[in-house]
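Provided herewith is a single structure, encoded as structure tokens, for subsequent inquiry.
What's counted below: heavy atoms across the whole structure, side chains too, no hydrogens, waters or symmetry copies. Residue numbers begin at 1 in each chain, while the letters A, B, ... track the order of the sequences.
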Number of protein chains: 2
Amino acid sequence: MSRITIKDVAKKAKVSVGTVSRIINGEKNVTKENLQKVSKAIEELGYVPNTYARGLVSGKTKSISIIVPMIRTDFYDRLINSVDKTLLRKGYESSIFPLLSEYRLKKFLEKSSILYHSDGILMSSLPVNKLFKEGKVPTDKPVILLDMESEYYDCVYIDNYEIGKIAAKILIEKTDNILVFTFIEPENIFTSGVFERRVKGFENILNQNSIHFSKKNIFHSELNLHYALNEALSVLKKVQKFPVGFFATTDLFGYGIILAAKNLGMEVGKDVFIVGVDGQPWTEDIGLTTIKQPIEEMSDLATNILLDRIYSKYSVSSRKSIKFDPIVVRRTSA
Amino acid sequence: MSRITIKDVAKKAKVSVGTVSRIINGEKNVTKENLQKVSKAIEELGYVPNTYARGLVSGKTKSISIIVPMIRTDFYDRLINSVDKTLLRKGYESSIFPLLSEYRLKKFLEKSSILYHSDGILMSSLPVNKLFKEGKVPTDKPVILLDMESEYYDCVYIDNYEIGKIAAKILIEKTDNILVFTFIEPENIFTSGVFERRVKGFENILNQNSIHFSKKNIFHSELNLHYALNEALSVLKKVQKFPVGFFATTDLFGYGIILAAKNLGMEVGKDVFIVGVDGQPWTEDIGLTTIKQPIEEMSDLATNILLDRIYSKYSVSSRKSIKFDPIVVRRTSA
DNA sequence: CTGTTAGCGCTTTCAG
DNA sequence: CTGAAAGCGCTAACAG
């Protein structure tokens, strides 16, 4: 514990604690002189405000909690980075709470969890309705959902059904032998269902255009390149009719298919067409056509909305639900 | 914010706030009757203690911070899980702070970071000396280091130099054509140097036994199977003299080498010998001989020491530095 | 623009 | 074993 309190600073700077408080909270109405004296005292004493005291009186900690299913994937790296950058500008800090296991979730179900000791919660890609009783996060703090919808909370999301539809529209112009490469989320409470929705949207367009498509046309991979590559190799070897079109429900799978195709001497963009999803930066290098999710923009917006809620800039009743449009990025693969 | 305070509970249970406080803090000296009344009131009111108020007066939050360079690798998954299980038993909760970027680190350099608003800090696999000025974490809270050493803090670690030596001793009994597969950590402040130490220890034994070994015998891979497999394939194709021995500085690379060897029709344990590091559970399935790090045991111990420090069970001066021995797990690969 | 002061909700003496 | 009361360090309202 820092033994140095606001009183010490006040004494040293020869002002009142009120003035010090105002200064450390960035209020404008302070004389330059006092500002200087106090800043100097803070510096010399190495004073750092006690967050507990602050939290106790104002209920604010200048921090927000980010809940994500995992980290260290392109998607969440970008998301966390964007959120953090926005927060930093406003003097906020984030704590990341990866929902690694069911037993970790149990803690998060409790109102007392440290998770809720921040000024607001930003949750991404998690099924609130399944996770929390009545779909309600056990806190009175502002909550915003990213990459998912809910009837209770502000949310910023993209329509995954729509993504599938767009992908289908691109591919049916190229061929009618169409396959899907997707990820089967383990069926548990964490299942977000995004991959499934993408496939559903995709099927919808195919059906509309009476293109033959059955469960047999759907192949699965784990979320790692090695696995995707192997699977793609084995699938491609069996393909009878070219050109063949692939809907890769995430860019990573598209990458695997490209690698496999090249390995087998097939020409991407001619023998094999591929549409990925996410719009990862590296898709450019490999020429993958992809349906981009504007992750950075979405994250920024979500963060700003959350911050505005914290400052009660909106009336309680006005729930914000913002849907982003997927962006088609055409490259050589389709 | 929970509008319900300890006063409400006291009123409802018809006791004083002191009594309620004692009960929620698990003190023994309370009559059964009061215990019951209060528990009932707490239940009915849905009371949850205000952490800020608690922290303000006692300085304790019943939470600890885990700092790791990343998550979602076998190593950190196991580490975090073990720590969390131990904490749970003691009524503690953890916040995970992955050190994803330099700019995140900057926040952690500040005393005021939310990171230090817990009762203690457990840091793993990070070079404290490079990261923090004078090698000191900017907090007065107890700090324990896992998987690394330091002169200031309690630490629980394993000697990576020793790991390399053990691996070498196993391999030189099999062959004198010896190669190393390792990971080059990007040279930045996060660089822990563990891989390098493993290789150094390895070289030491080889030199001692006058076995030819130069930088040309060292190959690099990224920490993913796909990459390791490809690299192993290209290396194995060029090998002139069999049997060949590989020191894989992490099990993942050992996996890649096994896959590559099989792919090329070589027999693991006869044409190709491999020793991995970490002792991941899945090494059993693939028959990889490995030098095991007892991650779970180390994590448990570290957590318990940290908790003991929080309860001031040790004198301030007695720094604990606990070195674990690597465990050799022999399987078919060497 | 600044100083004074009343709490925020809790733990922790201290009497009884 | 329990109740009363004194703060923990800070913010915010108020008076000046």
Item to check | B:Met123: which of B:Ile66, B:Leu146, B:Leu115, B:Val128 passes side-chain contact (heavy atoms from CB on, under 4.5 Å) | outcome: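 The side-chain contact (heavy atoms from CB on, under 4.5 Å) with B:Met123 is passed solely by B:Val128 among B:Ile66, B:Leu146, B:Leu115, B:Val128.
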Checklist entry - For A:Gln36, does the CD atom sit with more than 12 other heavy atoms under 6.0 Å from it, leaving out its own atoms? => result no
Item to check | Length of the line joining A:Leu35:CG and C:dC1:P, which is rounded to integer Å | outcome: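 Whole-Å distance recorded here is 12 Å.
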Checklist entry - For A:Lys130, does the NZ atom have more than 12 heavy-atom neighbours from other residues, nucleotides or ligands under 6.0 Å away? => result yes
Checklist entry - Hey, what do you get for CG (A:Leu126) to OG1 (A:Thr191), rounding to the nearest 0.5 Å? => result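 Here the interatomic distance stands at 10.0 Å.
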Next on the checklist: Counting only side-chain nitrogens and oxygens, does A:Thr19 get under 4.0 Å of the OP1 or OP2 atom of C:dG3?
Outcome noted: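 Looking at the OP1 and OP2 atoms of C:dG3, one of them is under 4.0 Å from a side-chain N or O of A:Thr19.
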Checklist entry - Rounded to the Å, how far apart are A:Leu56 CG and D:dA12 P? => result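 Rounding to the nearest Å, CG of A:Leu56 and P of D:dA12 are 12 Å apart.
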Checklist entry - Which pairs with one or both residues in residues 143-158 of chain A pass salt bridge (Lys or Arg N to Asp or Glu O under 4.0 Å), sequence neighbours excluded? => result A:Asp154-A:Arg309
Item to check | Set of residues satisfying ring-ring contact (aromatic ring centres under 6.0 Å, His included) with respect to A:Phe108, sequence neighbours excluded | outcome: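 Testing A:Phe108 for ring-ring contact (aromatic ring centres under 6.0 Å, His included), a comparison that skips the adjacent residues, returns A:Phe97.
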Checklist outcome for this item: When rounded to whole Å, the CD to C1' distance for the pair A:Glu33 and C:dC1 reads 12 Å
Item to check | Partner residues of B:Thr139 under the side chain to side chain contact (heavy atoms under 4.5 Å, CB included) criterion, sequence neighbours left out | outcome: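 Result, side chain to side chain contact (heavy atoms under 4.5 Å, CB included) vs B:Thr139: B:Tyr116, B:Ile121, B:Val137, B:Lys141, B:Val143.
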Next on the checklist: What is the distance, to the nearest angstrom, from the OH atom on B:Tyr52 to the C1' atom on C:dG7?
Outcome noted: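 In whole Å, C:dG7 C1' lies 18 Å from B:Tyr52 OH.
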Checklist outcome for this item: With sugar-phosphate taken as primed atoms, P, OP1 and OP2 and all else as base, the protein-contact string of nucleotides 10-16 of chain C at under 4.0 Å (heavy atoms; B, S, -) is BBBB---
Item to check | Value in whole Å for how far the P atom of D:dC1 lies from NZ of B:Lys14 | outcome: 23 Å
Check residues 10-25 of chain B and write down every donor-acceptor pair under 3.5 Å in which the side-chain atom is one partner and the other belongs to a residue at least two apart or another chain.
{"from": "B:Lys12", "atom 1": "NZ", "to": "B:Glu44", "atom 2": "OE1", "distance (Å)": "3.2"}
{"from": "B:Ser16", "atom 1": "OG", "to": "B:Gly18", "atom 2": "N", "distance (Å)": "3.4"}
{"from": "B:Ser16", "atom 1": "OG", "to": "B:Thr19", "atom 2": "N", "distance (Å)": "3.4"}
{"from": "B:Ser16", "atom 1": "OG", "to": "B:Thr19", "atom 2": "OG1", "distance (Å)": "3.3"}
{"from": "B:Asn25", "atom 1": "OD1", "to": "B:Arg54", "atom 2": "NH2", "distance (Å)": "3.4"}
{"from": "B:Asn25", "atom 1": "ND2", "to": "B:Ser21", "atom 2": "O", "distance (Å)": "2.8"}

Checklist entry - Rounded to the nearest Å, what distance is computed from the CG atom of residue A:Asp8 to the P atom of nucleotide D:dC8? => result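 So the two atoms are 11 Å apart, to the nearest Å.
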Checklist entry - For the helix from C:dC1-D:dG16 to C:dG16-D:dC1, what angle lies between the axis at the first five pairs and the axis at the last five pairs, to 10 degrees? => result 40°
